[in-house]
Amino acid sequence: MAKGQLNKYLWLVKTIYQAERITLEEINSKWIHSNMSDGEIFSHSTFNRYRLDIEELFDILIECQRKGGYHYYIKDVENLQNDKIRNWMLDTLSVNSLTKESNKLKERILFEQIPSGRLWLTPIIEAMRDSKKIKVRHQGFWNDAASTYTISPYCAKIFRQRWYIVAYTDERKSLRTFALDRIISLEATNEYFQYPTDFSPEQYFSSVFGIIKEDPVPIEEIEIITYGHLGKYIEALPLHPSQKNARIGCCPFCLYL
C-alpha cells in the first residue's frame with residue numbers, strides 16, 4: 001500500500017473521531033484544505049470504499065446515522081479508546097504522516113529512542129503470532145557472559161521506553177522476562193509451542209510495578225505523599241493501574257498503590 005493512501009485513511013479516522021458526528025459535506029470542507037486532497041473532494045463511492053478499507057486494516061467501523069442528515073461516526077468508540085495497541089498504532093502513524101507531509105516539522109518533534117525495539121520486536125511478534133519458539137542469545141547487565149535460551153514468547157510489554165518479553169524458557173522450565181536491548185542475537189525455529197489458555201498478560205502484571213515479577217512476594221499497600229503541584233502530575237499519569245488518589249485539604253496529596 002502506498003504511504004499516501006495510508007495517510008488518507010488515518011486523516012479520515014482522526015477527522016471523524018474528533019468530530020464524533022459529521023456529514024460527508026463537512027468532511028469534504030476539511031479535506032479540501034488539507035495538503036493531501038490535491039483540490040479534489042471525496043465522492044460517495046470513494047468515501048464508501050475508504051470506509052471498507054479502514055474496517056479491514058484497523059478494525060474500525062465507520063457507521064452512518066441517516067436520521068437528521070446522514071452523519072458519520074465511529075461505532076464502538078469506547079472500545080477504540082480503551083484499545084491501547086490500536087491507539088498507539090494510530091497515534092504513531094498519524095505523527096509519522098504529518099512529519100512526512102511537512103519536512104519542516106521533523107526538527108520540531110522530538111522522540112525518545114527505544115533501544116533495539118525495531119531490531120527484535122518484529123520477529124518476536126511474528127513468533128507470538130505463529131506460536132513458534134525462538135532462540136535468543138541474551139546477556140543481562142548483571143551477567144559476565146551471554147547465555148542462549150530456547151523460549152516460547154507469551155507477551156511483550158513496553159516500560160520506560162524499553163521493550164520486554166515474557167517467555168517460557170525450556171532451559172529453566174519457568175517464565176522469564178527478557179529485555180530486548182540485551183538480546184545479542186535471535187534465531188527462529190520450526191518448533192511450535194502451546195500458548196496456555198489460562199495465562200493473562202494483564203493479570204500477570206496486575207500486582208507489579210515495572211516488569212519484574214517475583215513469586216512468592218506478598219502484595220503490600222504503599223502510601224506516597226507529595227506536596228505542591230507534583231501530585232497533579234501523578235494523578236494525571238498514574239504510577240500503576242491500582243493507584244487510588246486522595247486529597248487532604250490543599251495539601252498534602254496522597255496516593256495508594
Side-chain angles (χ1 to χ4, degrees), residues 1 3 6 57-59 83-97 99-100 106 109-217 219 237-242:
M1 179 188 300
K3 292 182 179 179
L6 182 61
L57 283 171
F58 305 116
D59 194 26
D83 192 322
K84 296 177 182 178
I85 292 180
R86 278 196 297 176
N87 272 291
W88 174 73
M89 177 187 66
L90 288 172
D91 287 341
T92 301
L93 291 174
S94 294
V95 172
N96 180 67
S97 66
T99 55
K100 292 288 185 182
K106 289 184 177 180
I109 301 177
L110 306 179
F111 297 92
E112 291 188 44
Q113 183 69 18
I114 301 180
S116 299
R118 294 185 301 272
L119 186 59
W120 306 124
L121 189 58
T122 297
I124 287 174
I125 291 179
E126 288 175 348
M128 290 168 56
R129 178 197 63 196
D130 299 333
S131 295
K132 283 190 174 182
K133 296 182 180 182
I134 53 178
K135 284 188 177 182
V136 296
R137 187 163 175 79
H138 181 273
Q139 182 176 1
F141 286 115
W142 53 88
N143 295 327
D144 295 330
S147 299
T148 300
Y149 301 95
T150 302
I151 65 173
S152 304
Y154 282 6
C155 68
K157 177 181 174 66
I158 190 171
F159 178 71
R160 290 187 172 176
Q161 300 306 308
R162 271 186 162 84
W163 279 103
Y164 298 86
I165 178 175
V166 176
Y168 181 85
T169 63
D170 289 357
E171 291 76 12
R172 297 194 176 186
K173 306 298 182 184
S174 63
L175 287 178
R176 184 177 175 185
T177 302
F178 297 89
L180 267 63
D181 61 315
R182 303 308 302 163
I183 293 178
I184 300 173
S185 64
L186 183 150
E187 178 185 349
T189 75
N190 291 320
E191 187 177 356
Y192 290 90
F193 71 90
Q194 185 69 40
Y195 180 74
T197 57
D198 60 348
F199 179 80
S200 167
E202 288 284 349
Q203 184 63 33
Y204 183 80
F205 286 106
S206 62
S207 59
V208 176
F209 176 74
I211 48 88
I212 302 299
K213 181 179 175 66
E214 296 183 0
D215 293 320
V217 176
I219 300 174
L237 187 61
L239 298 176
H240 191 268
S242 64

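The analysis underlying the following values was restricted to heavy atoms, covering all of them including side chains, and did not include hydrogens, waters or symmetry mates.
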Point-to-point distance, once rounded to the nearest 0.5 Å, from NZ of K132 to OG of S152: 13.0 Å
Test side-chain contact (heavy atoms from CB on, under 4.5 Å) applied to S206 - qualifying residues, sequence neighbours left out: Q203
Those residues that, when tested against Y149, pass side-chain hydrogen bond (donor to acceptor under 3.5 Å, both in side chains) (two or more places apart): R172, R176
Partner residues of T150 under the side-chain hydrogen bond (donor to acceptor under 3.5 Å, both in side chains) criterion, sequence neighbours left out: E171
side-chain contact (heavy atoms from CB on, under 4.5 Å) evaluation trace for Y204 with L175: CA-CA 11 Å; Y204 183 80; L175 287 178; 3.8 Å; yes
Run the side-chain donor-acceptor check on residues 187-197: report pairs under 3.5 Å with partners two or more places apart or on a different chain.
| residue | atom | partner | partner atom | Å |
| --- | --- | --- | --- | --- |
| T189 | OG1 | K133 | O | 2.6 |
| T189 | OG1 | E191 | N | 3.3 |
| E191 | OE2 | K133 | NZ | 3.0 |
| Y195 | OH | F199 | O | 3.4 |

Shortest non-hydrogen contact from P153 toward A167: CA-CB, 3.8 Å
Under the side-chain hydrogen bond (donor to acceptor under 3.5 Å, both in side chains) test, residues paired with E126 that sit two or more places apart: none
Side-chain touch I151/Y168, heavy atoms, less than 4.5 angstrom: no
Output a table of donor-acceptor pairs, distance under 3.5 Å, between side-chain atoms of residues 138-148 and any protein atom two or more places apart or on a different chain; print 'none' if there are none.
| residue | atom | partner | partner atom | Å |
| --- | --- | --- | --- | --- |
| Q139 | NE2 | N143 | O | 3.1 |
| Q139 | NE2 | D144 | O | 3.3 |
| T148 | OG1 | R137 | NH1 | 3.3 |

L186 CG to W120 CH2 distance, which is reported to the nearest 0.5 Å: 5.5 Å
Qualifying residue for side-chain contact (heavy atoms from CB on, under 4.5 Å) with W163, from I124, I183, L180: L180
K157 side, atom NZ; R162 side, atom CZ - distance, nearest 0.5 Å: 15.0 Å
